[in-house]
S.K.: 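Here it is, the structure, as structure tokens.
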Amino acid sequence: MRLRRWTHGLWVVLGVELGGCAGPRQGTYEQRGFDTPSNSCRTQPALCVGPESVLPGIRAAEVAVVAGGARAMLDEDAKRSVELVLKECAEQARSQVLLRHHEGKAPTPEQCKEQVRNAQGESVSRAIWLGDQMHAVALGCVEQKLDSMMPGRFSIEPTYRFDRRTGISTLLSKEEVQLLKQPRFRHELKGTLTPDVVIHTGHPTQALGVYDFKFPCTNIDRLPPWREPEGAPRGSPSQKELYMEALQLNASRVLRVIPRLGIFE
């Protein structure tokens, strides 16, 4: 589907209540680090980001999606509310996974490189395996929170087929994606784009913002870079650049969510 411009004025006010949340993933990019919470906050308080890392309940806050002119955008209050949710879920995901699978401790560089079996029986590094676990927890948390905050205006892991020659992005249905994940069809997913979270006007091809969780296994105080497509020639567009091109977004609307560090371009 060609990305359409959003030209109708829109003002949607939504009630917000933030409560607690409880081999590479399919897509274009390999998880080289465990792309997201902080080291076990419960067992190692010194490693937490502080009391603000666990958000107090924000009751009856108002957020808005504003559209007008050529392109819709989130207003600043809505953007802050969404990003508070994303940061909180990133922290919770890292903490919960490390508590559950690693005694609440951050793995060493050697442990990050160790090979383990994923759910499909494939051999992957511990960094990739932990990253997959953290993504699953973080995305479940985000879905629960945003569903009460802005129902119908976000998507979790939508998959787009983007033709750079024509500039056309097509949204694949969940049924199509599940079919293509079968081993005999998996090659059909090559070249598709699957952001973690897309905030939109009501349809995923009319994106207002894209967020990807990054959970580094080592060097957790450094910003992990945006990846290039696996197997792509050197100098190919990065993950961020492809999201921008496919969904017609500027750099400030395509962001990384990193536990302990926050949200960055």
Side-chain angles (χ1 to χ4, degrees), residues 1-14 27-29 35-36 63-87 89-90 135 138-139 142 146 149-150 152-172 191-215 222-229 232-259 261-265:
M1 180 182 294
R2 183 174 298 276
L3 296 178
R4 301 189 298 272
R5 287 191 176 277
W6 185 256
T7 56
H8 305 293
L10 170 67
W11 179 265
V12 181
V13 179
L14 303 162
T28 309
Y29 300 90
D35 263 325
T36 300
V63 301
V65 177
V66 182
R71 186 76 172 179
M73 64 183 294
L74 285 175
D75 78 353
E76 284 305 309
D77 287 340
K79 187 172 186 291
R80 277 193 296 270
S81 296
V82 167
E83 293 184 355
L84 283 174
V85 166
L86 295 169
K87 288 188 285 188
C89 288
H135 267 87
L139 294 176
V142 169
L146 292 189
M149 175 177 165
M150 51 192 315
R153 301 203 175 273
F154 72 96
S155 294
I156 302 295
E157 293 189 306
T159 297
Y160 305 90
R161 192 181 299 285
F162 175 50
D163 188 335
R164 297 193 75 207
R165 295 169 300 175
T166 63
I168 295 175
S169 291
T170 303
L171 178 70
L172 301 184
T192 58
L193 303 173
T194 306
D196 286 336
V197 181
V198 175
I199 308 299
H200 51 74
T201 62
H203 193 283
T205 59
Q206 296 168 340
L208 305 177
V210 167
Y211 296 88
D212 253 20
F213 288 104
K214 304 294 179 187
F215 296 89
R222 299 180 189 174
L223 291 180
W226 288 97
R227 298 182 179 84
E228 293 182 356
R234 187 178 180 84
S236 295
S238 69
Q239 190 180 28
K240 178 184 178 81
E241 290 167 333
L242 287 173
Y243 290 162
M244 290 169 58
E245 189 176 351
L247 296 174
Q248 299 182 1
L249 296 171
N250 62 37
S252 66
R253 298 193 194 183
V254 180
L255 303 169
R256 294 165 287 174
V257 185
I258 306 155
L261 300 182
I263 295 181
F264 300 87
E265 289 191 21

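Numbering of residues begins at 1 and proceeds along the displayed sequence.
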S.K.: When you look at K240 and E265, which way does the side-chain contact (heavy atoms from CB on, under 4.5 Å) test go after all the steps?
M.R.: CA-CA 9 Å; K240 178 184 178 81; E265 289 191 21; 3.8 Å; yes
S.K.: Nearest 0.5 Å, what's the CG-CG distance between L261 and L223?
M.R.: 6.0 Å
S.K.: Does any N or O in the side chain of R161 come within less than 3.5 Å of the main-chain N or O of L172, such that one atom is a donor and the other an acceptor?
M.R.: no
S.K.: Looking at side-chain heavy atoms only, is the closest gap between V197 and I156 below 4.5 Å?
M.R.: yes
S.K.: If you round to the nearest 0.5 Å, how far is NZ of K79 from CG of L208?
M.R.: 11.5 Å
S.K.: Inspect the contact between K214 and D212 and indicate whether a charged nitrogen and a carboxylate oxygen are less than 4.0 angstrom apart.
M.R.: yes
S.K.: Considering only heavy atoms from C-beta outward, does the side chain of H200 approach that of P158 to under 4.5 Å?
M.R.: no
S.K.: Which heavy-atom pair separates M149 from A78 by the least distance, and what is that distance?
M.R.: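 Closest pair (atom of M149, atom of A78, distance): CE-O, 4.2 Å.
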S.K.: What's the spacing between M244 CE and N250 CG if we round to 0.5 Å?
M.R.: 6.5 Å
S.K.: So, the side chain of Y243 versus the backbone of L249: is there a donor-acceptor pair under 3.5 Å, distance only?
M.R.: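 Absent.
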S.K.: Drop me the distance from S236's OG to R227's CZ, to the nearest 0.5 angstrom.
M.R.: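 The OG atom of S236 sits 15.5 Å away from the CZ atom of R227.
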S.K.: So how far is it from I199 CD1 to M150 CE, rounded to the nearest 0.5 Å?
M.R.: 5.0 Å
S.K.: Would a 4.5 Å heavy-atom cut-off, applied to side chains only, mark D196 and E157 as touching?
M.R.: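 A side-chain contact exists here, since the closest heavy-atom pair is under 4.5 Å.
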S.K.: Answer yes or no: is there a side-chain heavy-atom contact under 4.5 Å between F213 and L86?
M.R.: yes
S.K.: Is there a side-chain contact between L247 and R253 in this structure, where contact means two heavy atoms from C-beta onward sitting under 4.5 Å apart?
M.R.: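 They are not in side-chain contact.
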S.K.: Tell me the closest heavy-atom pair linking F162 and R164, and the distance in Å.
M.R.: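 Looks like CE2-CG, 3.3 Å.
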S.K.: Grab the two heavy atoms, one from P204 and one from Y160, that are nearest each other, plus how far apart they are.
M.R.: O-OH, 2.7 Å
S.K.: Taking all heavy atoms of H203 and all of L171, pick out the closest pair and write down the distance.
M.R.: CE1-CD2, 4.1 Å
S.K.: Hey, mind stepping through Y211 and V142 against side-chain contact (heavy atoms from CB on, under 4.5 Å) and telling me if it holds?
M.R.: CA-CA 11 Å; Y211 296 88; V142 169; over 6 Å; no
